[in-house]
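All values below were derived from every heavy atom in this structure, side-chain atoms included, with hydrogens, water molecules and symmetry-related copies excluded. Since we're looking at a predicted model, the values are computed, not measured. For reference, positions follow the sequence shown, starting with 1.
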Amino acid sequence: MRTSVFLCLYAWLVSYSHVCLAGDTLKAGDRIIGNNITLVSSRKVFQLGFFSPSDDSTYLGIWYYESKPKTVVWVANRDKPVIRYNGVFEIAEDGNLKVLSPNGVHWSSELKGFSAANRTVMLMDSGNLVLVDNHSGNILWQSFEHPTDTFLPGMKMNKDLNLTCWMADDDPRPGNYTFKQGSAGVNNYIISRKQGQLYWESDNVGEAISGLVVHLLTNIAKEVYSTDEWSRIWVAPENLCRRYNYCGNFSSCSTRTSFPCKCLPGFSLRSPHGIGEIGDNGYWPQPDEKGCVRKSEPSRENTTFINLQEVTVGNPDLRRNVDEAECESLCRNMSSECQAFSYEFTEKSTSTCWIWKTDLTTVEEEYLEHGRNLSVRVNNLDIASTPRTCKPCGTYIIPYPLSTGPDCGDPTYSNFSCNNRTDNVMFKSNYTVISINPTKRMFYINSSNTYCNHADENQHIEFHLLFTATGIGKCICDTSYGWNDSTLSCTSQATLTEVRQPPISRGNSTSRLPLILVVVLISIIILGCIIISLYVWKKKMAHKQDRESINRIQGRMFDSARQVKDLIDLEGLQEKDNEGIGVPYFDFESILEATDNFSDVNKLGRGGYGPVYKGKLQEVKKLQ
C-alpha cells in the first residue's frame with residue numbers, strides 16, 4: 001500500500017514539469033526531474049543535472065557547461081545510483097537536499113533540525129553548490145566541503161576533506177585511492193588505498209608537490225588561468241619509486257634500471273623470497289614489503305655511517321637546531337634508537353638536525369630536485385673494505401674483482417671509481433654504473449651514455465657489460481649486432497662479416513658453446529677408441545706369433561743341441577712340452593749348474609751358433 005502511494009506521488013511529480021525551473025537556483029518546492037532539465041551557473045561555467053555514464057545507472061552531478069566529453073567535477077549519489085528510473089533532486093521537507101526515486105532516498109545533505117521554508121540552493125560560477133538560509137544569508141551546506149574526486153579553486157584542503165577517485169572512467173562509485181591531508185603538517189599530503197594502506201606521501205615541507213598545486217590546495221592562489229584544453233601540471237606518484245616504501249624498509253629504489261630495489265650497504269633481505277623475483281645480484285624488480293634488516297647491530301665502538309647524497313626518505317621523527325658534529329654525536333649516543341640523521345644548513349644561517357628513530361622507508365636515489373644528504377648508522381665490520389672488496393659507494397656494494405681504489409679489488413679492474421660528490425659508481429670516469437651483478441659478472445650503465453651505442457638509433461634502455469680480463473668492459477649487444485674489439489663498440493653483423501671479424505654477441509656465443517663442447521667430446525671418444533683398438537690388436541698379433549714359433553719348434557725332432565737351446569730360449573715353453581723329444585732333456589737350471597753359470601773355465605770354443613761349453617751333471621740316468 002505504501003509503495004503504491006509513493007509511486008502515485010512520483011508520477012504526479014513528473015507530470016508537473018512546469019515546476020522544474022531552469023537557471024542557477026532552486027527554491028523549496030522546485031525540482032530537477034530526469035536528465036532533460038539542469039541548473040546552469042550565471043556565467044555558464046558549470047552545469048548541474050542528472051547524467052548516465054552507463055545505460056542503467058543515473059547520478060546527480062556537476063560538470064563544466066556543455067563540455068565534450070562531459071567533465072564531471074562532483075557527484076551526489078555516487079554510492080547509490082538511480083537504476084532505470086528518472087531521479088528527482090529537491091529541497092525536501094526536512095530542509096535537506098535529496099536525490100529521490102521510487103526506490104527511496106539515494107543521497108541526502110544530512111542536515112539536522114531544519115525545515116524547507118526559506119531555503120535556496122544555488123549553483124555558483126566556481127562550481128560550488130550551496131544551500132543558503134534566505135533570512136540570515138548563511139551557507140548551511142556546500143559541495144566544496146563534500147567533494148568527490150575533484151579539487152576546484154576556492155576549496156581549502158584540511159583534515160576533513162577527502163578526494164576519492166572513480167571506480168572507472170564510466171563508473172563514479174568510490175575507487176581504490178583517496179587523496180587527503182596527512183598528519184605531519186599543513187603541507188603534508190598522502191594517497192591511501194581503499195584498505196587503509198599508505199600509497200604515497202609528500203614530505204613535511206611540501207617539496208614533493210608543485211608550488212602552484214600547494215597554493216591551490218591551501219586556497220592562496222590569486223588567479224587560476226583557464227584555457228580550452230586541459231594541461232597536466234603535477235602528478236603523484238611520478239614513478240614506482242615515489243610510491244610509499246615500494247622496496248621495503250632499509251632499501252633503496254632507483255628508476256634507472258629494471259631492477260629498482262636493493263638493500264642498503266650493511267643490510268640484507270629480511271626474507272630470501274620476497275613478493276617479487278629476486279635477481280642474481282640481490283636486486284628484486286617487484287616490491288617486497290618486508291624489505292631489509294641489519295646484518296648485525298653496531299655497538300658504540302663499531303658504529304659508523306654510510307653517507308647517501310641527494311636521496312628522499314620518509315619523514316623524520318625528531319628535529320634539533322644543532323650543528324653537524326652535534327647532530328652525528330646525538331645519533332651515535334642514541335645507539336639503537338637512532339637509525340639515521342640528516343644535517344641541513346640553510347641560507348638563513350640556521351642549522352637543522354633531523355633524526356630518524358623508526359625504520360627507514362621510501363629511500364629513493366638521485367632525487368636531485370629536493371633530495372637530502374642522509375647518514376645511515378651501520379656496523380663498521382659489515383661495510384669495511386678488504387684487500388678483496390672495496391668500500392661501498394653510496395648505495396652500491398662493490399664486489400670483487402672490481403676496484404675503485406688502489407687498496408682493494410683486482411688492479412686489472414681499476415677502470416671503476418666512486419664519485420664522492422654524487423655517490424655514483426663510474427666506469428672509465430665518464431659512464432655512470434646503474435647496477436652491478438657479481439654472479440653473472442655483469443654491470444649496467446646508463447642509456448644516455450655512448451659507450452655501447454649501436455651504429456643506428458636502436459639503443460638499449462640499459463647496457464650490459466661483461467667483466468673482462470683486461471678490465472675494459474665488453475658490451476652485450478642486440479642479436480643483430482656484434483662486439484667489435486677493434487672499435488670497442490656494437491657493430492652490425494653485416495659490417496662484421498665484411499671485415500671477417502666474428503661477432504661476440506649474446507645469442508651467438510651462447511648458442512655455439514654447446515655445439516663446440518659436443519664436437520670436442522665426440523672427437524676425444526673416437527681418438528680413445530682408436531688407440532685402445534690398436535693396442536689390443538698389437539697384443540693379439542704378438543701372442544699369435546709366439547705360439548706359431550713354439551708350434552714350429554715342437555714339430556721338429558729336437559735332435560741337436562741347438563734345437564734344445566731354442567726351446568730353452570723361447571718364452572712360454574711349458575713343462576709338458578718335453579714329451580716326445582728323442583734326445584735327453586735338461587732344464588735350464590740344470591745346465592746353469594753344470595756349466596757353473598757358463599763360466600769361461602768351461603768354455604770350449606765357438607761354433608757357428610755361438611760359444612760352446614762343457615758341463616758336468618750331478619746325476620746321469622741311463623736309458624734302457
S.K.: Between Ser329 and Ala325 (side chain of the first, backbone of the second, donor and acceptor by atom type, cut-off under 3.5 Å), is there such a pair?
M.R.: no
S.K.: Do any N or O atoms from the side chain of His106 and from the backbone of Lys80 form a donor-acceptor pair under 3.5 angstrom?
M.R.: yes
S.K.: Is it true that the NZ or CZ of Arg294 lies under 6.0 Å from the centre of Phe250's six-membered ring and within 45 degrees of the ring axis?
M.R.: yes
S.K.: Taking all atoms of both residues into account, what is the closest heavy-atom pair of Ser403 and Asp410, and its distance?
M.R.: CB-O, 3.5 Å
S.K.: With side chains defined as the heavy atoms from C-beta onward, is the minimum distance between Arg388 and Pro401 less than 4.5 Å?
M.R.: no
S.K.: Determine, step by step, whether Thr404 and Ser417 satisfy the side chain to side chain donor-acceptor pair (under 3.5 Å) criterion, reporting the C-alpha distance in whole Å, the side-chain angles of both residues, the deciding distance to 0.1 Å, and the verdict.
M.R.: CA-CA 4 Å; Thr404 57; Ser417 61; over 6 Å; no
S.K.: Examine the side chains of Thr358 and Asp317 and answer whether a donor and an acceptor come within less than 3.5 Å of each other.
M.R.: yes
S.K.: Return the minimal non-hydrogen interatomic distance between Asn373 and Gln309, and the atom names on each side.
M.R.: OD1-CA, 3.3 Å
S.K.: Within the distance-only criterion (no hydrogens, no angle test), does the side chain of Arg78 pair as donor or acceptor with the backbone N or O of Pro172 below 3.5 angstrom?
M.R.: yes
S.K.: Keeping Ser67 on the side-chain end and Thr71 on the backbone end, is there a donor-acceptor pair under 3.5 Å?
M.R.: yes
S.K.: Evaluate the side-chain proximity of Leu360 to Asn249: yes if any heavy-atom separation is below 4.5 Å, no if none is.
M.R.: no
S.K.: Listed by chain and number, what are the ring-ring contact (aromatic ring centres under 6.0 Å, His included) partners of Phe151, not counting sequence neighbours?
M.R.: none
S.K.: Got a donor-acceptor contact below 3.5 angstrom from the Asn302 side chain to the Pro298 backbone?
M.R.: no
S.K.: Search all heavy atoms of Gly266 against all heavy atoms of Asp382 and return the closest pair with its distance.
M.R.: CA-CB, 4.1 Å
S.K.: Are Asn239 and Thr255 close enough that a side-chain donor and a side-chain acceptor fall under 3.5 Å?
M.R.: no
S.K.: Would Arg242 pass as a cation-pi partner of Trp200, given that its NZ or CZ must be under 6.0 Å from the six-membered ring centre and within 45 degrees of the axis?
M.R.: no
S.K.: For a side-chain hydrogen bond (donor to acceptor under 3.5 Å, both in side chains) with Tyr199, tell me which candidate from Arg243, Lys194, Arg193 qualifies.
M.R.: Arg243
S.K.: Classify the side-chain pair Ser41/Asp125 by whether it contains a donor and acceptor separated by less than 3.5 Å.
M.R.: yes
S.K.: Can you tell me if NZ on Lys70 sees more than 12 non-hydrogen neighbours from other groups inside 6.0 Å?
M.R.: yes
S.K.: Give me the atom names and distance for the closest heavy-atom approach of Glu365 to Val311.
M.R.: CA-CG1, 4.2 Å
S.K.: Look up atom OG in Ser342 and atom CD1 in Ile355, then write down how far apart they are to the nearest 0.5 Å.
M.R.: 9.0 Å
S.K.: Is there side-chain contact between Leu163 and Thr150, with heavy atoms separated by less than 4.5 Å?
M.R.: no
S.K.: Check Asn419 against Cys393 and note the closest heavy-atom contact, atom names and distance.
M.R.: N-SG, 4.2 Å
S.K.: Determine, stepwise, if the pair Glu310 / Thr422 fulfils side-chain contact (heavy atoms from CB on, under 4.5 Å).
M.R.: CA-CA 8 Å; Glu310 301 294 339; Thr422 62; over 6 Å; no
S.K.: Ignoring hydrogens and geometry, is there a side-chain-to-backbone donor-acceptor pair from Thr362 to Asn245 under 3.5 Å?
M.R.: yes
S.K.: Yes or no on ring pair (Phe, Tyr, Trp, His ring centres under 6.0 Å) for Tyr189 and Phe179, after CA distance, side-chain angles and deciding distance?
M.R.: CA-CA 7 Å; Tyr189 303 97; Phe179 178 85; 5.7 Å; yes
S.K.: Should the SG of Cys241 and the SG of Cys247 be checked, would they turn out to be under 2.5 Å apart?
M.R.: no
S.K.: Between CD1 of Ile139 and CD of Glu145, what distance do you get to the nearest 0.5 Å?
M.R.: 8.0 Å
S.K.: Could you tell me whether the side chain of Ser251 and the main chain of Gly248 form a donor-acceptor pair under 3.5 Å?
M.R.: yes
S.K.: Mind checking the CD-CD1 spacing from Glu201 to Ile191? Nearest 0.5 Å is all I need.
M.R.: 11.0 Å
S.K.: Partners of Trp141 by ring-ring contact (aromatic ring centres under 6.0 Å, His included), sequence neighbours excluded?
M.R.: Trp107, His146
S.K.: What do you reckon, is CG of Asp160 surrounded by more than 12 foreign heavy atoms closer than 6.0 Å?
M.R.: yes
S.K.: Spell out, as yes or no, whether a donor-acceptor pair under 3.5 Å connects the side chain of Ser351 to the backbone of Asn321.
M.R.: no
S.K.: Using ring centroids (six-membered ring only for Trp), state whether Phe46 and Tyr65 fall under 6.0 Å.
M.R.: no
S.K.: Looking only at atom types and distance, does a side-chain atom of Asn128 sit under 3.5 Å from a main-chain N or O of Phe144, one as donor and one as acceptor?
M.R.: yes
S.K.: If only side-chain N and O atoms count, and only distance matters, is there a donor-acceptor pair under 3.5 Å linking Thr178 with Thr164?
M.R.: yes
S.K.: Output, in order, the C-alpha distance, side-chain angles, deciding distance and verdict of side-chain contact (heavy atoms from CB on, under 4.5 Å) for Asn424 and Val433.
M.R.: CA-CA 7 Å; Asn424 284 327; Val433 176; over 6 Å; no
S.K.: Judged by atom type as modelled, is there a donor-acceptor pair below 3.5 Å linking the side chain of Asn307 to the main-chain atoms of Leu374?
M.R.: no
S.K.: Among Trp354, Phe305, Trp356, find the one that has a ring-ring contact (aromatic ring centres under 6.0 Å, His included) with Phe341.
M.R.: Phe305
S.K.: Is any side-chain heavy atom of Tyr59 closer than 4.5 Å to a side-chain heavy atom of Pro53?
M.R.: yes
S.K.: Determine the minimum heavy-atom distance between Leu264 and Ser252, stating which atoms define it.
M.R.: CD2-CB, 3.9 Å
S.K.: Using a 4.5 Å cut-off on heavy atoms from C-beta on, say whether the side chain of Leu240 contacts that of Pro260.
M.R.: yes
S.K.: Return the OG1 to CG distance between Thr148 and Asn162, rounded to the nearest 0.5 Å.
M.R.: 11.5 Å
S.K.: Of the options Leu129, Leu48, Val75, which is the one that meets Leu60 in a side-chain contact (heavy atoms from CB on, under 4.5 Å)?
M.R.: Leu48
S.K.: Looking only at side-chain N and O atoms, does Asn379 offer a donor or acceptor that is under 3.5 Å from a partner on Glu297?
M.R.: no
S.K.: Run the side chain to side chain donor-acceptor pair (under 3.5 Å) check on Asn188 and Gln181 step by step: do they pass?
M.R.: CA-CA 6 Å; Asn188 175 238; Gln181 191 177 77; over 6 Å; no
S.K.: Does Gln339 form a side-chain contact (heavy atoms from CB on, under 4.5 Å) with Val376? I'd like the steps, not just the answer.
M.R.: CA-CA 6 Å; Gln339 306 296 346; Val376 183; over 6 Å; no
S.K.: Determine, stepwise, if the pair Cys253 / Cys261 fulfils disulfide bond (SG atoms under 2.5 Å apart).
M.R.: CA-CA 5 Å; Cys253 186; Cys261 303; 4.7 Å; no
S.K.: Roughly how far, to the nearest 0.5 Å, is the CG atom of Asn415 from the OG atom of Ser429?
M.R.: 8.5 Å
S.K.: Check whether NZ of the Lys or CZ of the Arg Lys262 lies under 6.0 Å from the centre of the six-membered ring of Tyr396 and within 45 degrees of that ring's axis.
M.R.: yes
S.K.: Could you name each residue pair satisfying salt bridge (Lys or Arg N to Asp or Glu O under 4.0 Å) that touches residues 318-335, not counting sequence neighbours?
M.R.: Glu328-Arg332
S.K.: Between Tyr431 and Phe427, what is the ring plane arrangement, given parallel below 30°, perpendicular above 60°, and tilted in between?
M.R.: tilted
S.K.: Kindly determine whether Cys418 and Cys390 satisfy disulfide bond (SG atoms under 2.5 Å apart), including the steps that lead there.
M.R.: CA-CA 10 Å; Cys418 179; Cys390 295; over 6 Å; no
